[in-house]
> 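For reference, the structure I am asking about is given below.
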Amino acid sequence: MHPAAKRLHDHEVSGDETNIEYGASEFGGFGQYFRNKQIKLDTQLREANQCRSQIFKDCHIYLNGRTEPSHTILKGLIVSNGGSICAFLGGKTYATHIVAEHLTKRKNNQFANYKVVKPAWVVNCVNQGKLLDWTNYRAIESSLPTLDPKETQEQIILEEREKVNCLAPDYISSYYARSRLHFLSTKKAELRSKCQQLAGQLPVAERPSPRTILHIDFDSFFVAVALKDKPDLKDQPICVSWGGPSSDIASCNYKAREFGVQNGMWVSRALQLCPKLVCLSYNFDEYTRCSDVLYQEIVDLRPDYVTAVSVDEALVDVTSLCSKTDASQLAQELRSRIKAKTGIEASVGVAPNIFLAKMALRLAKPAGVVCLTQSSAPQRLANCSVRDLPGIGYHIAAKLADLGVTNYSHLKRVTENTLKNQLGNAVGTKLVDYLNCQDSDDISLMDQVQKSVGVELCWGVRLLNDNEVAQFTSNLTEELWSRVQSLYPETLTIKFYRRAADAPFVTPKYMGCGRCDVTSKTRRVVGLDLEGLKTLVIQCVQSFACPPMDMRGLGLQLRLMDTTTPTHHAIKFPQLETASRSTSPNKPKIQLPPSRRRGPTTLSQFVNQPDKVEVDMEVFDNLPSQIKREIMAHEDEFLVKVPSSRSRSEPAAVTTYEPVSFRGVTSEAGLRQVLRDWMRSAESPHYEDVCEFRDFVDYLFDSDWNWTKAISLVNYLNHCSLNLSQDWQYLAKVMQERVAQKILPIN
DNA sequence: AAGGTGTGGTAGC
DNA sequence: ATCGCTACCACACCTT
């Protein structure tokens with residue numbers, strides 16, 4: 001489906017709640033109760049008029065500036081004839097038409113790609129009972145499909161760049177320093193890792209079922225922090241944002257929500273709804289301080305388990321504690337201690353599972369504690385909007401609304417199969433669980449090791465040419481690299497934001513990305529260093545073939561190697577027995593940084609091994625580490641005499657030594673398992689095993705398509721060896737070097 | 001059948 | 001003006 005058509009379709013699904021787009025980021029409370037007056041007006045108009053006709057079917061119309069007839073009348077005409085009103089340009093809903101009398105120069109530009117019509121178009125359409133050709137009612141001359149000429153676009157970008165320059169050396173760091181979403185994401189990652197460390201220290205408790213789970217969270221956290229030194233404002237409608245008209249509201253208090261203000265809404269919009277709204281600033285340092293107090297108090301309880309949900313929010317398993325204390329009392333005490341130490345209110349939900357704990361928390365806000373049980377929950381939750389169920393966002397809620405399900409109790413009306421067919425297996429199953437007040441998520445199984453690391457930047461990206469695109473891409477890749485640390489990346493997914501063909505060149509949000517088409521690409525990055533990564537990313541970005549001036553954002557995500565889970569799935573993988581040791585006819589292609597170049601080396605050098613000094617294997621194994629390492633490093637000069645397999649299995653050795661074999665192992669995960677077993681089996685590697693490993697890696701490397709897996713395996717060895725003896729680390733280095741050199745001649 | 005890739009949804013304030 | 005991030009899951013579709 002064409003993107004615009006899809007948006008129209010989506011719009012239909014969402015009915016007349018044209019600005020529900022903000023619902024996507026709504027949180028912390030029953031937004032249902034504070035519906036925007038505008039929605040009500042539309043609904044009432046539509047109901048009163050019972051949709052006299054469908055003239056404006058599929059029309060999503062934005063009214064701009066002063067009009068004759070008035071907005072109210074036009075709105076009535078449009079809505080009662082099957083059309084809908086678009087509250088804002090930009091965002092996720094797409095306006096098909098703009099109605100305007102006069103346009104300022106800037107708007108002229110901003111609206112250049114819309115169908116901009118005079119109000120008479122609406123009136124005449126209704127009078128004649130059909131949709132008239134809009135081009136006879138143009139409000140500006142150069143409308144669709146003409147785009148801004150290239151020079152104009154260049155001019156716009158140059159002007160914008162004077163204020164916001166995404167190529168400035170400190171742009172990325174200063175951007176992230178002010179981004180609330182970046183703050184939230186990175187804090188969460190930090191806390192998750194801390195909680196995981198903690199889990200290792202906590203005693204491994206038995207896990208009788210049912211559990212007692214606390215879900216604790218500060219009430220409108222950012223606002224609460226902002227109000228700490230402005231207590232006189234606490235009864236006013238307050239929000240936290242950077243303050244400009246198109247800045248996002250990060251958090252608003254309950255007073256503001258009464259006016260329909262929601263988190264994620266733009267300030268300009270919120271001010272329409274609530275002119276007295278007061279905007280306060282962010283204070284990231286203080287958020288961190290409060291967060292630390294919260295988590296310290298939780299840890300001091302000595303719970304069975306803690307999971308970080310957010311900077312101000314945690315799931316706590318307190319089952320053991322509750323054998324002595326009453327859960328609700330425990331929660332109350334926790335609440336008061338936190339209030340005393342931070343000065344801000346937290347609420348707590350108590351329940352036997354995560355789902356119910358989350359729902360209990362919603363009921364508990366503001367400043368309260370609510371306990372839910374399997375038996376009390378259904379009644380307490382009956383009227384709660386499906387939007388408030390964990391994992392049910394704007395899109396799924398819209399699909400549920402199509403099924404006639406808008407609140408929790410309606411779920412009963414739909415069969416499990418319908419849910420699964422309409423929403424997918426996972427969501428369907430989850431909803432059925434919810435209806436039964438159950439949750440298959442187990443708090444002790446959450447917080448697994450991090451699987452990916454990424455960066456994304458979609459604000460202020462304004463670039464003129466390929467060079468600038470490469471520069472920006474390179475800068476962002478460096479930022480990504482700085483976050484990788486000792487982690488071990490396997491693949492890179494590049495997410496490219498390109499201005500949608502029909503989106504205006506000047507974005508509705510100041511310096512925002514506007515509506516974009518997003519495409520992505522995944523590549524293996526095993527064996528690449530920063531320079532290699534940069535080259536790869538720039539290459540991929542170029543492959544999207546986007547006019548530089550239409551680039552609006554870039555995301556880079558590294559999937560990390562799975563270092564824990566052995567898998568039993570076998571992927572197709574050639575067997576060693578059938579391997580040919582000859583040079584592969586198709587040489588692998590890989591971009592390696594110039595820094596890796598070490599002079600000419602050919603594959604044949606490794607294949608045709610030079611004469612060797614003989615070393616007995618047993619002797620080798622008993623050599624001091626230092627010498628072993630030397631031999632491994634110069635293994636081409638040594639030949640270790642391997643005893644026959646018979647003598648090896650003789651009971652001479654006290655410890656039973658099992659030679660490592662990679663033969664017959666078919667999956668990458670399986671290979672890693674063999675490596676892990678090998679590394680566990682000995683303080684330092686046996687020479688024979690080293691040879692087996694080297695041969696296997698050589699084989700992989702030489703076979704047509706497994707060279708990336710060879711690199712992968714060697715790097716995995718390196719990754720794991722960090723915790724092992726120097727011998728292991730050295731082996732890894734030697735193998736890395738070997739593989740790196742094999743790659744060289746191909747460049 | 002199992003794995004890879006591309007896309008899309010959700011959560012936090 | 002403005003700071004629209006990021007990790008993770010699930011799925012459709014494709015290849016082998």
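Here is the naming used below: chain letters follow the sequence lines, and residue numbers restart at 1 for every chain.
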> Looking at A:D217 and A:K365, does any basic side-chain N land under 4.0 Å from a carboxylate oxygen?
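A:K365 and A:D217: salt-bridged.
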> When you check the phosphate oxygens OP1 and OP2 of C:dA1, does a side-chain N or O of A:S246 lie under 4.0 Å from one of them?
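Checking C:dA1 against A:S246, no side-chain N or O comes under 4.0 Å of OP1 or OP2.
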> Under 4.5 Å between any side-chain heavy atoms of A:K521 and A:F544, yes or no?
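When only atoms from C-beta onward are counted, A:F544 and A:K521 do touch, with a gap below 4.5 Å.
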> Using a heavy-atom cut-off of under 4.0 Å over every strand shown, decide if A:E456 touches base, sugar-phosphate, or nothing.
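Answer is base: heavy atoms of A:E456 come under 4.0 Å of a base.
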> Base, sugar-phosphate, or nothing: which does A:S310 touch, judged by heavy atoms less than 4.0 Å apart?
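Counting heavy atoms under 4.0 Å across all strands, the contact made by A:S310 is with sugar-phosphate only.
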> Is the shortest side-chain N/O distance from A:K188 to OP1 or OP2 of C:dC5 below 4.0 Å?
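Answer no for this pair, as no side-chain N or O of A:K188 is under 4.0 Å from OP1 or OP2.
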> Whole angstrom is fine here: how far is it from CG in A:L431 over to C1' in B:dT10?
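A:L431 atom CG is separated from B:dT10 atom C1' by 13 Å.
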> Just wondering, are more than 12 heavy atoms of other shown residues or ligands nearer than 6.0 Å to NZ in A:K163?
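Not more than 12 within 6.0 Å, no.
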> Return the set of residues passing side chain to side chain contact (heavy atoms under 4.5 Å, CB included) with A:Q236 (not counting sequence neighbours), or none when no residue passes.
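Checked A:Q236 against side chain to side chain contact (heavy atoms under 4.5 Å, CB included); matches are A:L233, A:I238.
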> What does A:K521 touch in the nucleic acid at a heavy-atom separation under 4.0 angstrom: a base, only the sugar-phosphate, or nothing?
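The answer is sugar-phosphate, as A:K521 gets under 4.0 Å only of primed atoms, P, OP1 or OP2.
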> Check whether any side-chain N or O of A:R180 sits under 4.0 Å from OP1 or OP2 of C:dG4, and answer yes or no.
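Checking A:R180 against C:dG4: at least one side-chain N or O falls below 4.0 Å of OP1 or OP2.
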> Is there side-chain contact between A:M551 and A:M549, with at least one heavy-atom pair below 4.5 Å?
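Result no, sub-4.5 Å side-chain heavy-atom pair not found.
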> Can you measure A:R523 atom CZ to B:dG4 atom P for me and round it to whole angstrom units?
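Atom CZ in A:R523 sits about 15 Å away from atom P in B:dG4.
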> Using a cut-off of 4.0 Å on non-hydrogen atoms, how would the nucleic acid contact of A:T186 be classed: base, sugar-phosphate, or nothing?
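Counting heavy atoms under 4.0 Å across all strands, no contact is made by A:T186.
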> Closest nucleotide of DNA chain C for A:A189 versus for A:G243: which of these residues is on the 5' side?
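It is A:G243 whose nearest nucleotide is closer to the 5' end.
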> Show the numbers, then the answer: is there a side-chain hydrogen bond (donor to acceptor under 3.5 Å, both in side chains) between A:S347 and A:D219?
CA-CA 7 Å; A:S347 301; A:D219 301 330; 2.7 Å; yes
> Mark up nucleotides 8-14 of chain C, 5' to 3', with B wherever a protein heavy atom is under 4.0 angstrom from a base atom, S wherever such an atom reaches only the sugar-phosphate, and - elsewhere.
SSSS---
> Roughly how many Å is it from CG in A:L400 to C1' in B:dT10, rounded to a whole number?
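Distance, rounded to whole Å: 14 Å.
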> Heavy atoms from C-beta onward define the side chain here; which of B:dT5, C:dC5, B:dG12 lies closest to that of A:D312?
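Nearest to the side-chain atoms of A:D312, counting from C-beta on, is B:dG12.
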> Please indicate whether A:K234 has more than 12 foreign heavy atoms, meaning atoms of other residues, nucleotides or ligands, lying under 6.0 Å from its NZ.
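Atom NZ in A:K234 is not packed in, count stays at 12 or less.
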> Taking 4.0 angstrom as the limit, do A:R499 and A:D517 come out as a salt bridge?
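A salt bridge is absent here (no side-chain N lies under 4.0 Å from a carboxylate O).
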> Taking C-beta and beyond as the side chain, do A:T307 and A:C195 meet within less than 4.5 Å on heavy atoms?
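The answer is no; the side chains never approach within 4.5 Å.
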> Let's test your reading of the pairing rules: Watson-Crick or G-U wobble, both distances under 3.5 Å, then write DNA chain C as a dot-bracket string with ( ), [ ], | and dots.
....||||||||||||
> Just to be sure I understand the rule, does A:Y175 reach a base, reach only the sugar-phosphate, or reach nothing, if contact means heavy atoms closer than 4.0 Å?
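The residue A:Y175 makes base contact.
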> Taking atom P of B:dG12 as reference, at what distance in whole Å does atom OH of A:Y282 sit?
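Those two atoms, OH and P, are 16 Å apart.
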> Within this structure, what is the CD-to-P distance between A:E190 and C:dT6, rounded to whole angstrom?
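One finds 13 Å between P of C:dT6 and CD of A:E190, rounded.
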> Between A:W242 and A:F284, what is the ring plane arrangement, given parallel below 30°, perpendicular above 60°, and tilted in between?
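It falls in the tilted class, 30° to 60°.
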> Starting from C1' on C:dC3, measure out to CG on A:L184 and report it in whole angstrom.
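About 13 Å, once rounded to whole Å.
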> Report yes if a side-chain nitrogen or oxygen of A:T522 is closer than 4.0 Å to either non-bridging phosphate oxygen (OP1 or OP2) of B:dG6; otherwise report no.
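Yes, because at least one side-chain N or O of A:T522 sits under 4.0 Å from OP1 or OP2 of B:dG6.
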> Ignoring hydrogens and angles, answer whether the base of C:dC5 and the side-chain atoms of A:S185 contain a donor-acceptor pair closer than 3.5 Å.
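By the distance-only test, yes, there is a pair.
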> Where the side chain of A:S520 is concerned, which of B:dG6, C:dG4, C:dA1 is the nearest nucleotide?
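Given the options B:dG6, C:dG4, C:dA1, the side chain of A:S520 is closest to B:dG6.
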> Looking at B:dT10, C:dC3, C:dC5, which one has an atom nearest to any side-chain atom of A:L181?
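Closest nucleotide to the A:L181 side chain: C:dC5.
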> Would you mind checking if A:K509 and A:D248 are paired as a salt bridge, meaning a charged N to carboxylate O distance below 4.0 Å?
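Yes, charged N to carboxylate O under 4.0 Å.
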> Measure CD1/A:I494 against P/B:dT7 and give the value in whole Å, please.
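After rounding, the gap between these two atoms is 13 Å.
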> Counting only N and O atoms by type, is there a donor-acceptor contact under 3.5 Å from the side chain of A:S193 to the main-chain atoms of A:A189?
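Not confirmed, A:S193 side chain does not pair with A:A189 backbone.
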> Under 4.0 Å, heavy atoms only, any strand: does A:R483 hit a base, just the sugar-phosphate, or nothing?
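If one applies the 4.0 Å heavy-atom cut-off, A:R483 turns out to touch the sugar-phosphate alone, with no base involved.
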> Heavy atoms under 4.0 Å, any strand shown: does A:L389 hit a base, just sugar-phosphate, or nothing?
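Sugar-phosphate contact only - A:L389 comes under 4.0 Å of backbone atoms but never of a base.
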> Given C:dT6, B:dT7, C:dC3, which nucleotide is nearest the side-chain atoms of A:Y176?
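So the side chain of A:Y176 is nearest to C:dT6.
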> Contact class for A:T491 vs. all strands (heavy atom < 4.0 Å): base, sugar-phosphate, or nothing?
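No contact.
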> Measure from the side-chain heavy atoms of A:S247 and tell me the nearest of B:dG12, C:dC3, B:dT7.
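For A:S247, the side-chain atoms sit closest to C:dC3.
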> Relative to the 5' end of DNA chain C, which residue comes earlier, A:K509 or A:E479, by the nucleotide with the nearest heavy atom?
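First, find each residue's nearest nucleotide; the 5'-ward one identifies A:K509.
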> Which of these nucleotides, C:dT6, C:dC3, C:dA1, is closest to any side-chain atom of A:H182?
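When the side chain of A:H182 is considered, C:dT6 is the closest of C:dT6, C:dC3, C:dA1.
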> The side chain of A:P245 is closest to which nucleotide in this list: C:dA1, C:dG4, B:dC13?
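Of all the options, the side chain of A:P245 is nearest to C:dA1.
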> Which whole-number value in Å describes the distance from A:H395 NE2 to B:dA11 C1'?
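So the two atoms are 13 Å apart, to the nearest Å.
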